[in-house]
Number of protein chains: 2
Amino acid sequence: MSDLLERLRGRGWRMTAQRRVVAEVLDGEHVHLTADEVHARAVAKLPEISRATVYNTLGELVSLGEVLEVSTDQRAKRYDPNAHQPHHHLVCAQCGAIRDVHPVGNPLADLPDSERFGFRVSDVEVTYRGVCPNCAAA
Amino acid sequence: MSDLLERLRGRGWRMTAQRRVVAEVLDGEHVHLTADEVHARAVAKLPEISRATVYNTLGELVSLGEVLEVSTDQRAKRYDPNAHQPHHHLVCAQCGAIRDVHPVGNPLADLPDSERFGFRVSDVEVTYRGVCPNCAAA
DNA sequence: TGCTTGCTTTAGACAATGTCTATTGTAGGA
DNA sequence: TCCTACAATAGACATTGTCTAAAGCAAGCA
């Protein structure tokens, strides 16, 4: 994640303890935390960090394209640090577990012109739903 | 939409003025209202209907499979009465307009076993994003 | 090193969306 | 027509996110 910090510094981001902590919390594979979860983990590392700062920082990371915002349920948004490799999501309908997945094919090509209603279509988001091994066993 | 009312009555749904009004509001093609919008339109027809009743009724319609819940933005859920024909959505990134679309192909088949992480995958939701003709012209 | 400046953080109020509860109302069958 | 169980109501409450005004501090510069 120090790559990320370097990139951000290079873009003129003022480095603060709070921002460093948020970036650290978001490190890893298959990480999809809500803002509140990010806040909870950030507080564990830096007790005086405020909720507003976490929201601000997440918003900035999204604007900079370093983190993706995904809404796999209709509750809180989740933040996905795996922004540099295009991917979709597979969600457990029971426990909410999320995995990054890479389907074959290009869904954008699967939308015929006749189904585009004159839109300039630029992006597609695919969410698979199912039951994870843990929940299936239970 | 009287089809819907008939089906519901057949399932033992107790018919009330409130439920009829909610069902009427949801009639049509490319209808994707938020709960609040449904409430506003319902109030226009039946001023004393309460917010809780609208939420309850929408929830019941979703449970019965008569209406789909879609979250195309991360704000309010939207309710789609077109539940009996599988489809996906195309959303304008600027104004939020939504169209029902029917891509060719089956995205479920595009997810290799190696990308299923042991999940039993049963469903897929595809959201296309772009700019609608109106917004492109502006 | 020690200013200075403007960006950043903070606490908490506020807003939007959704859920729950206790009470009152009523649809539909006996 | 009456009863009873289901439905509707008002409003409190919960969750998630946004905004504001004041205080703090990173980083450039003397």
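- Contact detail for B:Pro112 and A:His102: the closest heavy-atom pair is CD-O, 4.2 Å.
- A salt bridge links B:Glu66 with B:Arg11; the closest basic N to acidic carboxylate O contact falls under 4.0 Å.
- As a whole-Å value, the separation of A:Asp73 CG from D:dG17 C1' is 15 Å.
- The aromatic rings of B:Phe117 and A:His30 stand perpendicular to each other, their planes meeting at an angle above 60°, with 30° marking the opposite boundary.
- Using a 4.0 Å cutoff on non-hydrogen atoms, the parts of residues 47-62 of chain B near DNA chain D are B:Glu48, B:Ile49, B:Ser50, B:Arg51, B:Ala52, B:Thr53, ordered by number.
- The distance from atom NE2 of B:His39 to atom P of C:dT19 is 15 Å, rounded to the nearest whole Å.
- Rounded to whole Å, atom C1' of C:dT10 lies 14 Å from atom CZ of A:Arg19.
- At the phosphate of C:dT10, OP1 or OP2 sits under 4.0 Å from a side-chain N or O atom of A:Gln18.
- Within 6.0 Å of atom CZ in B:Arg116, more than 12 heavy atoms from other residues, nucleotides or ligands are found, so the atom counts as buried in its surroundings.
- An OP1 or OP2 oxygen of D:dT15 is reached within less than 4.0 angstrom by no side-chain nitrogen or oxygen of A:Arg75.
- Following rounding to the nearest Å, B:Leu8 (CG) and C:dA27 (P) show an atom-to-atom distance of 17 Å.
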**Item:** A:His88/A:Asp100 under side-chain hydrogen bond (donor to acceptor under 3.5 Å, both in side chains): CA gap, chis, key distance, verdict
**Value:** CA-CA 6 Å; A:His88 298 290; A:Asp100 291 355; over 6 Å; no

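- Between the CG atom of B:Asp36 and the C1' atom of C:dT19 there is a distance of 14 Å, rounded to whole Å.
- Within 6.0 Å of the CG atom in B:Asn134, the count of heavy atoms belonging to other residues, nucleotides or ligands does not exceed 12.
- Shown here is A:Arg129, whose CZ atom has more than 12 heavy atoms of other residues, nucleotides or ligands within 6.0 Å.
- At a threshold of 4.5 Å between non-hydrogen side-chain atoms, the residues B:Leu26 and B:Tyr79 count as touching.
- The interatomic distance linking A:Leu46 (CG) with C:dT8 (C1') rounds to 13 Å, in whole Å.
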**Message:** Return a single string for nucleotides 23-30 of chain D, one symbol per nucleotide in 5' to 3' order, where B is base contact, S is sugar-phosphate-only contact and - is none, cutoff 4.0 angstrom on heavy atoms.
**Reply:** --BBS---

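- Under the side chain to side chain contact (heavy atoms under 4.5 Å, CB included) rule, A:Val22 has a single partner from A:Ile49, A:Asn56, A:Thr53, which is A:Ile49.
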